[in-house]
Amino acid sequence: MKSYNQFVNESFFHTEKQINDILDKIAKIGYNNISDSDKSILNNYSKDDKDIHNILLEMRKITNKFREINAEIDAAFKRNASDDELDKLKNKWMSYHYEMSKYENLLRYVYKI
């Protein structure tokens with residue numbers, strides 16, 4: 001749409017067609033009637049992909065935590081750690097898994113990438 005000049009920047013994550021399709025929906029049904037996902041995509045797009053970049057940075061931090069906990073788990077197995085210690089490590093690993101899943105779902109279902 002030509003009337004939305006603020007949306008002329010490039011996006012690494014969304015195509016111009018995706019953005020134009022959302023803007024066309026707004027023209028037809030109004031901003032309040034588009035999906036939350038479409039609103040999030042437009043918001044992120046208008047901020048030069050900053051939201052998605054921040055999510056990816058958080059995912060990178062979690063990936064580093066996974067490396068650390070995996071090394072701890074390997075060391076625990078090598079020294080025949082107690083079941084209690086292994087359970088604590090497993091729970092720690094699972095908390096990272098849940099955190100990562102939250103970000104993956106944001107990318108997949110909200111930002112549709």
Side-chain angles (χ1 to χ4, degrees):
M1 287 184 99
K2 293 179 183 174
S3 61
Y4 290 95
N5 289 332
Q6 77 235 35
F7 295 104
V8 294
N9 59 325
E10 295 282 327
S11 172
F12 185 76
F13 303 103
H14 296 97
T15 66
E16 186 177 336
K17 182 181 179 340
Q18 288 173 307
I19 300 303
N20 285 337
D21 288 348
I22 295 170
L23 295 174
D24 287 341
K25 282 186 205 176
I26 292 171
K28 288 179 185 173
I29 63 174
Y31 180 80
N32 291 331
N33 296 318
I34 65 172
S35 71
D36 289 341
S37 178
D38 286 344
K39 290 175 185 175
S40 293
I41 290 168
L42 275 184
N43 185 42
N44 177 66
Y45 187 77
S46 71
K47 295 189 294 185
D48 295 328
D49 295 331
K50 188 174 183 176
D51 292 343
I52 292 174
H53 282 286
N54 289 336
I55 291 169
L56 293 173
L57 288 173
E58 290 302 314
M59 292 174 78
R60 182 174 159 187
K61 290 177 189 175
I62 297 167
T63 298
N64 290 334
K65 290 178 185 179
F66 270 123
R67 286 186 184 114
E68 293 170 7
I69 192 67
N70 286 340
E72 288 181 49
I73 291 169
D74 286 344
F77 274 113
K78 286 178 183 172
R79 69 173 185 281
N80 292 322
S82 68
D83 287 343
D84 188 44
E85 184 181 352
L86 292 172
D87 282 343
K88 286 179 185 177
L89 290 170
K90 179 185 95 176
N91 290 337
K92 193 174 179 181
W93 190 95
M94 288 302 295
S95 71
Y96 297 150
H97 171 72
Y98 292 133
E99 194 175 349
M100 183 67 88
S101 294
K102 175 182 78 170
Y103 290 119
E104 289 172 343
N105 286 333
L106 270 174
L107 292 176
R108 183 176 296 124
Y109 297 112
V110 174
Y111 294 102
K112 299 185 180 183
I113 57 171

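This chain uses plain numbering: 1 for the first residue, then up along the sequence.
Considering CD1 of I55 and CG of N44, their distance stands at 7.5 Å, rounded to 0.5 Å. The CG atom of N33 sits 8.0 Å away from the NZ atom of K39 when rounded to the nearest 0.5 Å. If you take CG on D21 and CD1 on I26, they are separated by 11.5 Å, rounding to the nearest 0.5 Å. Taken from CD1 in I22 to OG in S37, the straight-line distance is 7.0 Å, to the nearest 0.5 Å.
For K28, there are no side chain to side chain contact (heavy atoms under 4.5 Å, CB included) partners, not counting sequence neighbours. Residues that satisfy the side-chain hydrogen bond (donor to acceptor under 3.5 Å, both in side chains) test with N54, not counting sequence neighbours, are absent from this structure. Shown here are the ring-ring contact (aromatic ring centres under 6.0 Å, His included) partners of F13, two or more places apart in sequence or in another chain: H53.
Between V110 and D36, the closest side-chain pair of non-hydrogen atoms is not below 4.5 Å. Under the 4.5 Å side-chain criterion, counting only non-hydrogen atoms from C-beta, L42 is in contact with L23. The shortest distance between side-chain heavy atoms of M59 and L56 falls below 4.5 Å. For the pair D51 and Y111, the minimum side-chain heavy-atom distance is below 4.5 Å. A heavy-atom distance below 4.5 Å is found between the side chains of I41 and K112.
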Please report, to 0.1 Å, the donor-acceptor pairs under 3.5 Å made by any side chain of residues 98-106, with sequence neighbours excluded.
from, atom 1, to, atom 2, distance (Å)
S101, OG, H97, O, 3.0
N105, ND2, S101, O, 3.2

Check: residues 85-96 side-chain donor-acceptor pairs under 3.5 Å, at least two apart:
from, atom 1, to, atom 2, distance (Å)
E85, OE1, R79, NH2, 3.4
E85, OE2, R79, NH2, 2.1
N91, ND2, D87, O, 3.3
W93, NE1, N70, OD1, 3.2
S95, OG, K92, O, 2.7

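Pairs engaging residues 55-64 under the salt bridge (charged side-chain N to carboxylate O under 4.0 Å, His left out) rule: E58-K61 [sequence neighbours left out].
Listed here is the closest heavy atom pair of R67 and N64: NH1-OD1, 2.7 Å.
F12 and L57 fall into different hydrophobic clusters, where Ile, Leu, Val, Met, Phe, Trp and Tyr side chains are chained together by heavy-atom contacts under 4.5 Å.
Atom OH of Y109 sits in a sparse spot, with 12 or fewer heavy atoms from other residues, nucleotides or ligands closer than 6.0 Å.
In this structure a side-chain-to-backbone donor-acceptor pair under 3.5 Å is missing from D38 to I34.
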